[in-house]
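Everything on this sheet refers to the single structure shown next.
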Amino acid sequence: MRVLGIETSCDDTGVAVYDTAGGLLAHAVYTQDQVHAEYGGVVPELASRDHIRKLLPLVGSVLLQARTRKEQLDGVAYTAGPGLAGALLVGACAARAMAFAWRVPAAAIHHLEAHLAAPLLEEDPPAYPYLALIASGGHTQLVAVAAFGDYELLGESLDDAAGEAFDKTAKLLGLPYPGGPALAALAEKGRADAFSLPRPMLDRPGLDFSFSGLKTHARNTLHAQKDENPSVRADLACAFQEAVVDTLTRKCRRALRQTGLHRLVVTGGVGANRRLREVLAAMVKKENAAVYYPRGEFCTDNGAMVAYAGCQRLLAGAKDGLAVAVRPRWPLENLEKPTD
Ligand code: KG4
Ligand code: ZN
């Protein structure tokens, strides 16, 4: 089965072709970072307009790269939610129209299911069942994955997502958008012990997270500096990163112990963080577990994970109707299991 995948849930236009026999045939992501940079965050209306401009040319070039004619496609998969309503609608309308014109089924994909499937595109994919940490700009969730489509939410952030906390703290430190990678780079130059930031919710049982207090703490610490010397921002970036990484790692360890699972999958933009990968590697070694990641470019939003999830859903017989419907809010627990 060969499927075209389309991702437009936020500020990345992602397109890919995945084939169950040949693997990933081609993929491309156009990122709107420059469009939003001057506003310091994603402007939904600008995101929708840019998806409109970029999506169809990207589909054309990815099909060409994949040496795939439209007659060779067995379906079109698109992200139907959660995400920005206007941005989602661009992908949904285009995907539905193409599927209709090419007389193939379309599959509406849950963005987090796609992130959960991203490590399965790699050469040494994890076997089911596994524990997954989704840490992106919009979500921080711990999920027990029994099989494709079979998810149990174990815990999530009660306020800001980890990536959102990175982005907001980066802005506070005067770093350019998107803040996560910029803060991580600055943190490399800082000292971890110069400031100590709290580890939210670690003293409480359970697997939920809270990151908004951390960001406030970082702000208060910065404002309390009377004579700011140049290393303060790097030290604070480092202390912030350590606090997030430590919190995520300890909750992952708690979840591994609680579920008895031995495989941990980390996905979403924050999964690209080098320090997080280093600390998680040491933790899983001690726990006799293994950790799996998508390659860096598939940690953040992309079409490949959508095409892959689309193949799985379409193979199980998924078919959505002709109406174009998106679900900006769509809890993972409400996702239907695929049937075959
Ligand atoms: O998964 P993603 O592309 O988009 C959402 O679905 O939200 O994740 C983007 C998020 C942003 O908040 C970005 O700052 C963060 O992931 N991010 C990072 C790094 N790379 C991306 N955060 C920390 N360290 C990184 N290296
Ligand atoms: Zn995402």
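Both ligands and their constituent atoms are indexed starting at 1 by order of listing. Worth knowing before you read on, the calculation uses all heavy atoms, side chains too, and leaves out hydrogens, waters and symmetry mates. Keep in mind that this is a model prediction, so the values were computed, not measured.
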Checklist entry - Which of the atoms in ligand 1, numbered in the order shown and given with their element, are less than 4.0 Å from a heavy-atom of Gly163? => result 12 (O)
Next on the checklist: Is His139 close enough to the Zn ion (ligand 2) that one of its N, O or S atoms comes in under 2.8 Å?
Outcome noted: no
Checklist outcome for this item: of all protein heavy atoms, closest to atom 26 (N) of ligand 1 is Asn273 CA, 3.6 Å
Checklist entry - Distance-only, no hydrogens or angles: does the Ser136 side chain make a donor-acceptor pair with backbone N or O of Gly268 under 3.5 Å? => result no
Next on the checklist: Is His111 close enough to the Zn ion (ligand 2) that one of its N, O or S atoms comes in under 2.8 Å?
Outcome noted: yes
Checklist outcome for this item: If you scan protein heavy atoms around atom 3 (O) of ligand 1, the nearest is Asp301 N, 3.1 Å
Item to check | Note: Glu242-Arg275 ion pair, threshold 4.0 Å (strictly below) | outcome: yes
Next on the checklist: Please report whether ligand 1 has a polar contact with Thr300, defined as an N or O pair separated by less than 3.5 Å (distance criterion only).
Outcome noted: no
Checklist entry - Using 30° and 60° as the class limits, which term best fits the ring planes of Tyr151 and Phe148: parallel, tilted or perpendicular? => result perpendicular
Item to check | No-hydrogen, no-angle side-chain donor-acceptor test under 3.5 Å, His262 and Glu287 | outcome: no
Checklist entry - Angle at the Zn ion (ligand 2) between OD1 of Asp301 and NE2 of His115, to 10°? => result 90°
Checklist entry - Counting only heavy atoms, which portion of Arg274 has something under 4.0 Å from ligand 1: side chain, backbone, both, or neither? => result neither
Checklist entry - Aromatic ring centroids of Tyr177 and Tyr39 under 6.0 Å? => result no
Checklist outcome for this item: For Ser136, the ligand 1 atoms with a heavy-atom partner under 4.0 Å come out as 1 (O), 5 (C), 6 (O), 7 (O), 8 (O)
Checklist entry - Tell me: protein heavy atom nearest atom 19 (C) of ligand 1, and distance? => result Gly269 O, 3.6 Å
Checklist entry - Does some non-hydrogen atom of Pro178 fall short of 4.0 Å from ligand 1? => result no
Next on the checklist: Is it true that Asn302 and Glu297 share a donor-acceptor pair across their side chains at a distance under 3.5 Å?
Outcome noted: no
Next on the checklist: Before you tell me yes or no, could you show the steps for Asp12 and Gln32 under side chain to side chain donor-acceptor pair (under 3.5 Å), namely the whole-Å CA-CA distance, both residues' side-chain angles and the distance that decides it to 0.1 Å?
Outcome noted: CA-CA 6 Å; Asp12 293 310; Gln32 303 178 351; over 6 Å; no
Item to check | Whether Pro181 lies under 4.0 Å from ligand 1, heavy atom | outcome: yes
Next on the checklist: Return the closest protein heavy atom for atom 22 (N) of ligand 1 as residue, atom name and distance.
Outcome noted: Gly180 CA, 3.6 Å
Checklist entry - What protein heavy atom sits nearest atom 13 (C) of ligand 1, and how far away is it? => result Asp167 OD1, 3.7 Å
Next on the checklist: One pair to check against salt bridge (Lys or Arg N to Asp or Glu O under 4.0 Å): Arg313 and Glu113. What are the steps and the verdict?
Outcome noted: CA-CA 11 Å; Arg313 290 254 159 205; Glu113 174 164 84; 2.8 Å; yes
Checklist entry - Are His27 and Phe298 an aromatic pair by the rule of ring centers under 6.0 Å? => result yes
Checklist outcome for this item: Near His115 (heavy-atom distance under 4.0 Å), the atoms of ligand 1 are 1 (O), 6 (O)
Checklist entry - Which of the atoms in ligand 1, numbered in the order shown and given with their element, are less than 4.0 Å from a heavy-atom of Gly138? => result 7 (O)
Item to check | Shortest protein heavy-atom distance from atom 9 (C) of ligand 1, along with the residue and atom involved | outcome: Gly137 N, 3.8 Å
Next on the checklist: One residue to check: His139. Relative to ligand 1, which of side chain, backbone, both or neither has a non-hydrogen atom less than 4.0 Å away?
Outcome noted: neither
Item to check | Stacked cation flag Arg277 on Tyr293, 6.0 angstrom / 45 deg | outcome: yes
Checklist entry - Checking Asp160 side chain against Ala165 main chain: does a donor-acceptor pair fall under 3.5 Å? => result no
